[in-house]
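Note that the coordinates shown come from a computational prediction; the quantities given were computed from them, not determined experimentally.
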Amino acid sequence: MQLTRYPGTGGGHTEPSVATIGNFDGVHRGHRIVLDKVLSKSRALGIPSMVITFEPSAKEFFLGSHAPARLTNFREKFELIKDLGIDHFVCLSFNRALASMPPETFVTDILDAGLKIKHLAVGDNFCFGKDRKGDYGLLKHMGNDLGFSVEDTESFIVNEDRVSSSSIRDYLANGQLDIAEQLLGRAYSMSGRVIHGDRRGQSIGFPTANIPIKRRFSPISGVFATKVKIENGPEAFGVANVGYRPTVAGTRTQIEVHLFNFSQVLYGKHLTVLFSKKIRAERKFDSLEELKNQIHLDAETAKEHFKAAA
């Protein structure tokens with residue numbers, strides 16, 4: 001899949017494409033319905049498929065530190081969409097110029113002149129442009145004049161629950177990973193490259209792989225039973241803490257995962273951590289010995305979970 005960081009005006013792709021546009025945070029089952037439509041239409045017309053997204057998201061641009069946590073960081077989103085077989089991934093820089101652009105200008109200058117959209121599929125309740133005044137009706141009307149077609153997608157419902165990034169975020173925050181998994185269509189995961197830590201875990205008998213979360217805020221926190229996919233290596237089971245490590249006066253949120261029966265060096269490796277069950281909330285302990293005892297209990301709980309799930 002080709003990645004293009006698009007400046008926002010002019011100089012886009014030269015070939016017509018079938019596209020969709022949105023944040024696609026989480027690339028959940030509702031998103032998959034839209035993306036499947038894009039791929040199907042792309043094959044029918046014999047032209048490339050395209051996903052158009054934004055960086056940062058509109059909510060991050062307008063709300064700053066009050067924006068909701070991302071389900072997926074940029075790389076995770078890119079890789080999930082790439083795995084579906086999309087040809088082009090176009091990232092629009094969401095800046096002040098784009099935020100103030102009238103929806104009509106967005107359609108003519110970016111979608112038509114810049115990216116040469118031939119067909120556009122959008123999700124339910126899609127809005128765009130200054131003050132979110134652009135909608136499906138405007139796209140349909142302008143598409144008729146400019147020569148591209150538009151289709152929308154109804155809400156995707158699972159167990160009477162509309163699948164959305166915000167609902168998945170709520171389930172994750174409440175520790176309901178099983179429901180979040182149903183809406184995502186896969187276990188929730190975060191990924192990143194292992195960095196050097198302070199080696200405190202190793203000093204108490206529980207060495208950990210430390211992974212920065214690469215986003216402003218984490219949608220989950222606490223201790224979890226996890227399955228880990230290792231770059232060019234085996235899969236492993238473990239127990240992970242997601243948080244800022246209050247017992248050792250940590251200041252940044254990261255993932256610390258202890259793998260069971262594993263001794264390979266992981267520094268520099270890219271890991272994908274799949275969260276299977278929440279064990280408990282993160283808490284501060286009075287001593288490293290107390291923390292060590294709790295990690296032992298957490299590890300046993302995780303092992304029992306995976307034994308029961310086998």
Side-chain angles (χ1 to χ4, degrees), residues 1-6 17-43 48-60 67-92 94 121-124 126 153 156 158 162-172 177-193 211-220 224 226-232 235 240 242 255 257 269-276:
M1 182 169 71
Q2 179 182 341
L3 168 64
T4 301
R5 292 188 179 274
Y6 189 69
S17 63
V18 176
T20 184
I21 184 168
N23 284 317
F24 298 98
D25 187 27
V27 194
H28 54 62
R29 292 176 69 184
H31 294 145
R32 285 290 303 271
I33 295 296
V34 181
L35 294 169
D36 285 347
K37 284 189 174 185
V38 169
L39 289 166
S40 178
K41 192 70 171 182
S42 168
R43 289 190 291 266
S49 57
M50 178 188 294
V51 165
I52 307 164
T53 189
F54 306 95
E55 190 67 28
S57 70
K59 287 184 178 179
E60 288 174 334
R70 288 192 183 201
L71 298 176
T72 45
N73 64 28
F74 185 82
R75 174 171 177 164
E76 291 163 349
K77 178 164 58 176
F78 178 86
E79 293 295 335
L80 286 167
I81 292 174
K82 178 183 177 181
D83 288 346
L84 298 177
I86 295 291
D87 297 308
H88 296 289
F89 187 92
V90 176
C91 180
L92 301 180
F94 200 97
V122 295
D124 59 323
F126 176 71
T153 307
F156 186 63
V158 174
R162 176 181 175 271
V163 178
S164 68
S165 300
S166 59
S167 64
I168 294 169
R169 200 175 290 115
D170 289 341
Y171 286 121
L172 290 174
L177 272 66
D178 53 341
I179 302 178
E181 182 172 341
Q182 290 182 43
L183 304 188
L184 284 165
R186 65 181 185 283
Y188 180 67
S189 65
M190 292 197 285
S191 62
R193 203 163 296 280
I211 306 168
I213 64 167
K214 297 291 186 180
R215 64 197 88 197
R216 290 185 182 184
F217 313 106
S218 172
I220 60 173
F224 300 84
T226 60
K227 181 178 180 180
V228 179
K229 296 181 179 179
I230 302 168
E231 178 185 19
N232 300 321
E235 294 184 343
V242 182
I255 304 170
V257 57
K269 291 280 190 180
H270 190 270
L271 270 55
T272 300
V273 182
L274 295 86
F275 298 91
S276 182

Quick one, [X] and [Y] - any side-chain contact, counting heavy atoms below 4.5 Å?
X	Y	result
Val158	Arg29	yes
Leu172	Leu71	yes
Phe78	Leu3	yes
Met190	Val273	no

Can you tell me how far the [atom1] atom of [X] sits from the [atom2] atom of [Y], to the nearest 0.5 Å?
X	Y	atom1	atom2	result
Ile81	His88	CD1	NE2	14.0 Å
Leu92	Thr4	CG	OG1	10.5 Å
Thr72	Asp25	OG1	CG	4.0 Å
Met50	Ile21	CE	CD1	10.5 Å
Ser165	Leu183	OG	CG	10.5 Å
Tyr188	Arg169	OH	CZ	9.0 Å

Okay, side chain of Thr153, backbone of Val34: is any donor-acceptor separation there less than 3.5 Å?
no
Can Asp87 and Ser49 be counted as having a side-chain donor-acceptor contact under 3.5 angstrom?
yes
Just grab all the side-chain hydrogen bond (donor to acceptor under 3.5 Å, both in side chains) pairs involving residues 30-43, residues at least two apart or on different chains.
His28-His31
side-chain contact (heavy atoms from CB on, under 4.5 Å) for Val90 and Thr53? Distances and angles first, verdict last.
CA-CA 6 Å; Val90 176; Thr53 189; over 6 Å; no
Which heavy atom of [X] sits nearest a heavy atom of [Y], and at what distance?
X	Y	result
Ala121	Val38	CB-CG2, 4.0 Å
Phe217	Ala69	O-CB, 3.6 Å
Lys214	Asn73	O-CB, 3.4 Å
Ser218	Val242	OG-CG1, 3.6 Å
Leu35	Val51	CD2-CG2, 3.4 Å
Thr272	Ser191	OG1-CB, 3.7 Å

Lys/Arg-Asp/Glu bridge criterion (N-O < 4.0 Å) met for Lys227, Glu235:
yes
Give the intermediate values and the outcome of side-chain contact (heavy atoms from CB on, under 4.5 Å) for residues Arg193 and Ile211.
CA-CA 6 Å; Arg193 203 163 296 280; Ile211 306 168; over 6 Å; no
The complete set of salt bridge (charged side-chain N to carboxylate O under 4.0 Å, His left out) pairs with one or both residues in residues 68-84, sequence neighbours excluded, reads Glu55-Arg70, Glu60-Arg70, Glu76-Arg215
Give a yes or no on this: more than 12 heavy atoms of other residues, nucleotides or ligands lie within 6.0 Å of atom NZ of Lys269.
yes
Is the distance from the ring center of Phe74 to that of Phe89 below 6.0 Å?
yes
Between Phe224 and Phe275, what is the ring plane arrangement, given parallel below 30°, perpendicular above 60°, and tilted in between?
perpendicular
